[in-house]
Amino acid sequence: MLVLGFESSCDETGVALYDTHQGLLAHALHSQVTMHAEFGGVVPELASRDHIQRALPLTEAVLKQAKKTLSEIDGIAYTQGPGLAGALLVGTSIAQSLAFALNVPSVGVHHLEGHLLAPLLEENPPQFPFVALLVSGGHSQLMRVDGIGLYQLLGDTLDDAAGEAFDKTAKLLGLGYPGGPALAKLASKGSAQFTLPRPMLTSRDLNFSFSGLKTAVLNLTNNNQPLTDATKADIAWEFQEAVTEILMEKSMAALRETGLDNLVVSGGVGANSRLRERLNAATKRRLCTVSYPRLEFCTDNGAMIAFAGAMRLSAMRLNADQLESNGEQQDYSVSVKPRWDLAELQAP
Ligand code: KG4
Ligand code: ZN
């Protein structure tokens, strides 16, 4: 089954073609980072308008890359939520219009399900069940994953997400948007000169809290004026140490509590090399495995949506003809879910 996937939930337009027999055939991405950088964050209206400009040229690019035509597509997947309403509407409208025109089934994919399943796009994919650490700009969650749509939340952030903490701390240090990669780069030039707290490290649950850490960084910057580049690097180093230690310890606790021995990491913060270093060492010590998506699939992309959609569409064995013969109609309506709890998902 050949599935075309669209991602447009925030500031990246991603389109990809996934084939259930041959795997990922092509993917293309346009990042709006430079456009939003001058405003210090994502401007939703600009994001929506840019998605409109990019979606069809990217679609043509992936079809050309894969040497496929629209008529060969068997199904369409699109990010239906959560995300920015206007941005989601662009991908959803284009996907549903195409699915209607081609008379093929379509499926609205949960953006976080896309992230969660992204490591399965790699060679030697992890097997179910596993513990997932999902660390993105909007989420920091630990989940038990027993299969497609079988997600049990084990722990969540009580305030800021890990990526959000990276972004806000980067802002405090005068780094650009997006802050995560910039802060990680600066941290590589720092060393252990300061001490920051490790919030919730010893709490007996699997929850996180990162907003206190951001306040502690603010105090450090206030107490070390004028901030030299070297001081900023040392603060960045300690901040990264604190966040990655908490993420590593909680992930190990989740493996212990569930009795599982596979950890899967996804989301933008999963690209952080210090986090990978720590998780690699800790899982090795415990004789567990850890899997990550390739770096470009840690952050938003179309491949993860095409993949998650293909898993759902093929499992549902949906096709428009079959539906019609059952007297049902494929739903081509355009509706988005800017807020959508992952726990609402069910197995296809
Ligand atoms: O998954 P993602 O692309 O978008 C969301 O769905 O949120 O994640 C983006 C987040 C941003 O907060 C960004 O600063 C963070 O991931 N990020 C990183 C790194 N690369 C991206 N954080 C720390 N280290 C990195 N190398
Ligand atoms: Zn994302």
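In listed order, ligands and their atoms are each counted from 1.
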In terms of ring plane angle, is the pair F128 and F130 parallel, tilted or perpendicular, where the classes change at 30° and 60°?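 Parallel, since the angle between the ring planes stays under 30°.
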Would you call the rings of W340 and H110 parallel, tilted or perpendicular, where under 30° means parallel and over 60° means perpendicular?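 It falls in the tilted class, 30° to 60°.
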Taking 4.0 angstrom as the limit and counting only heavy atoms of [X], give me the atoms of ligand 1 inside it, by number and element.
X: G138; value: 7 (O)
X: G163; value: 12 (O)
X: H115; value: 1 (O), 6 (O)

Which heavy atom of the protein is the closest neighbour of [atom], given with residue, atom name and distance?
atom: atom 6 (O) of ligand 1; result: H111 NE2, 3.2 Å
atom: atom 9 (C) of ligand 1; result: G137 N, 3.8 Å
atom: atom 2 (P) of ligand 1; result: D300 OD1, 3.6 Å
atom: atom 24 (N) of ligand 1; result: N272 ND2, 3.0 Å
atom: atom 20 (N) of ligand 1; result: G268 O, 3.4 Å

In this structure, does ligand 1 have an atom that sits under 4.0 Å from one of the heavy atoms of Q240?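 For ligand 1, residue contact (heavy atoms, under 4.0 Å) with Q240 is absent.
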So is C10 close enough to ligand 1, meaning a heavy atom under 4.0 angstrom away?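 C10: no contact with ligand 1 (<4.0 Å).
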Regarding [X] and [Y], do their side chains bring together a donor and an acceptor under 3.5 Å, going by distance alone?
X: S211; Y: E164; value: no
X: Y78; Y: E7; value: no
X: D300; Y: H111; value: yes
X: Q330; Y: S106; value: yes
X: S71; Y: T69; value: yes
X: R274; Y: T244; value: no

Less than 3.5 Å between some nitrogen or oxygen of G180 and one of ligand 1, yes or no? yes
Does ligand 1 have a heavy atom under 4.0 Å from the side chain of [X], from its backbone, from both, or from neither?
X: C298; answer: backbone
X: H139; answer: neither
X: E12; answer: neither

Got an N, O or S from H115 under 2.8 Å of the Zn ion (ligand 2)?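 Short answer: yes, at least one N, O or S atom is under the cut-off.
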To the nearest 10 degrees, how large is the angle at the Zn ion (ligand 2) between H111 NE2 and D300 OD1? 90°
Strictly under 6.0 Å, is that where the ring centroids of F239 and F166 end up? yes
Among D167, N301, T299, which residue places a heavy atom closest to atom 13 (C) of ligand 1?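 Result: the heavy atom closest to atom 13 (C) of ligand 1 is in D167.
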Ion pair K232/D234, N-O distance below 4.0 Å: no
Looking at E249, E238, E241, which hits salt bridge (charged side-chain N to carboxylate O under 4.0 Å, His left out) with R198? E238
